[in-house]
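Inspection log for the structure reproduced underneath, given as structure tokens.
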Amino acid sequence: MYLSQCYDYSQSILKKSDTRLQMAVYEVLIRLDTFKRRLAHSFGFLLLTLVLENFVVSSIHAFLLLVLIYKNANYISIIINTGMLLAHITSFYTLAYFYDYIEVKEAELKNALKTMQYSNIEHQSIEQKDFYDLINLKLMMESPRITACGLFEINLQIFYNVFAAIITYIVILFQFRSFEKSP
């Protein structure tokens with residue numbers, strides 16, 4: 001939330017026509033990139049274990065839920081497993097959503113910086129044109145991504161991939177279970 005608020009605030013500053021404020025936004029953008037890089041480095045292992053923990057626990061609860069439903073177990077067990085499954089899926093979705101939201105806000109700020117260069121181009125001073133060239137060079141470079149130990153980027157796509165893996169895992173477990181019952 002902090003990063004997304006910084007991007008929003010920086011974008012609101014860009015709407016003012018003061019060149020010094022616009023240069024400050026460029027400095028903020030550099031510092032936010034540094035902050036994201038350090039955030040990814042500091043919490044990469046924690047994010048990896050969090051994703052793995054959500055995958056394993058969600059898979060177990062989903063499998064238990066289906067087994068309990070199949071065996072017509074008591075409703076309390078079904079409700080507890082459903083609640084645990086929903087809690088883990090919701091927490092993981094929230095995590096992935098907010099990391100994806102940071103990328104969206106960063107893209108909006110970069111688009112605002114790009115459009116700023118071409119607005120009122122005939123009235124720009126040499127200092128402003130140099131500043132916009134500097135911004136374009138910075139925007140050409142890829143910004144750091146928040147990853148789990150550099151293995152994968154944390155965003156909504158990873159949530160969908162984990163959810164698909166859980167479903168695949170459950171289907172495979174039920175197939176193995178059907179082999180055990182057959183003679």
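All values below were derived from every heavy atom in this structure, side-chain atoms included, with hydrogens, water molecules and symmetry-related copies excluded. The first residue of the sequence shown is numbered 1, and numbering continues consecutively from there. What you see is a predicted model, and the numbers here were worked out from it, not measured in a lab.
- The distance from atom CD1 of Ile172 to atom CD1 of Ile167, rounded to the nearest 0.5 Å, is 12.5 Å.
- A salt bridge (Lys or Arg N to Asp or Glu O under 4.0 Å) check over residues 30-44, counting only residues at least two apart or in different chains, returns the pairs Asp33-Lys138, Lys36-Glu103, Lys36-Glu106.
- Counting heavy-atom neighbours within 6.0 Å of Leu151 CG, excluding the residue itself, gives a total above 12.
- If you chain together hydrophobic residues whose side chains sit under 4.5 Å apart, Phe163 and Met84 never meet in one group.
- Here side chain to side chain donor-acceptor pair (under 3.5 Å) pairs that include residues 40-49, with residues two or more places apart or in two chains, number zero.
- Using a 4.5 Å cut-off between side-chain heavy atoms of Ile, Leu, Val, Met, Phe, Trp and Tyr, with links allowed through other members, Val57 and Val67 fall into different hydrophobic clusters.
- Linking Ile, Leu, Val, Met, Phe, Trp and Tyr residues whenever their side-chain heavy atoms come within less than 4.5 Å places Phe92 and Val56 in a single cluster.
- Heavy atoms of other residues, nucleotides or ligands lying less than 6.0 angstrom from CZ of Phe63 number more than 12.
- In this structure, Val51 and Phe152 have side chains that are in contact, with non-hydrogen atoms separated by less than 4.5 Å.
- Distance CG/Asn74 to CG/Leu68: 7.5 Å, rounded to 0.5 Å.
- Taking 4.5 Å as the limit, every side-chain heavy atom of Ile154 sits out of range of all side-chain heavy atoms of Thr147.
- Clustering ILVMFWY residues whenever any of their side-chain heavy atoms sit less than 4.5 angstrom apart, transitively, puts Ile158 in a cluster other than the one holding Phe45.
- Between His61 and His88, the ring planes lie parallel to each other; the angle is under 30°, not in the 30° to 60° tilted range.
- Taking every heavy atom of both residues into account, Ile102 and Ser4 meet most closely at CG1-N, 4.5 Å.
- In terms of heavy-atom proximity, Ile146 sits nearest to Ala40 at CA-CB, 3.9 Å.
- Residues Leu39 and Leu3 meet the side-chain proximity criterion, which asks for heavy atoms closer than 4.5 Å.
- Residues Ala62 and Ile166 share a closest heavy-atom pair of CB-CG2, 4.4 Å.
- Taking the side chain as every heavy atom from C-beta outward, Glu53 and Leu50 approach each other to under 4.5 Å.
- With values rounded to the nearest 0.5 angstrom, Leu156 atom CG is found 5.0 Å from Tyr93 atom OH.
- Separating the CG atom in Leu64 from the CD1 atom in Ile80 is a distance of 12.0 Å, to the nearest 0.5 Å.
- Note: the hydrophobic cluster containing Leu95 does not contain Leu86 (ILVMFWY, side chain heavy atoms under 4.5 Å, direct or indirect links).
- From Phe159, atom CZ reaches atom CG of Asp100 across 12.0 Å, with rounding to the nearest 0.5 Å.
- Evaluation of the side chain to side chain donor-acceptor pair (under 3.5 Å) test over residues 154-168, restricted to residues two or more places apart or in two chains, returns Gln157-Asn161.
- Ring geometry for Phe35 versus Tyr2: interplanar angle over 60°, hence perpendicular rather than tilted (30 to 60°).
- Distance CG/Leu65 to CD1/Ile79: 10.5 Å, rounded to 0.5 Å.
- Contact of the Val104 side chain with the Tyr7 side chain is not registered, since no non-hydrogen atoms from C-beta on lie closer than 4.5 Å.
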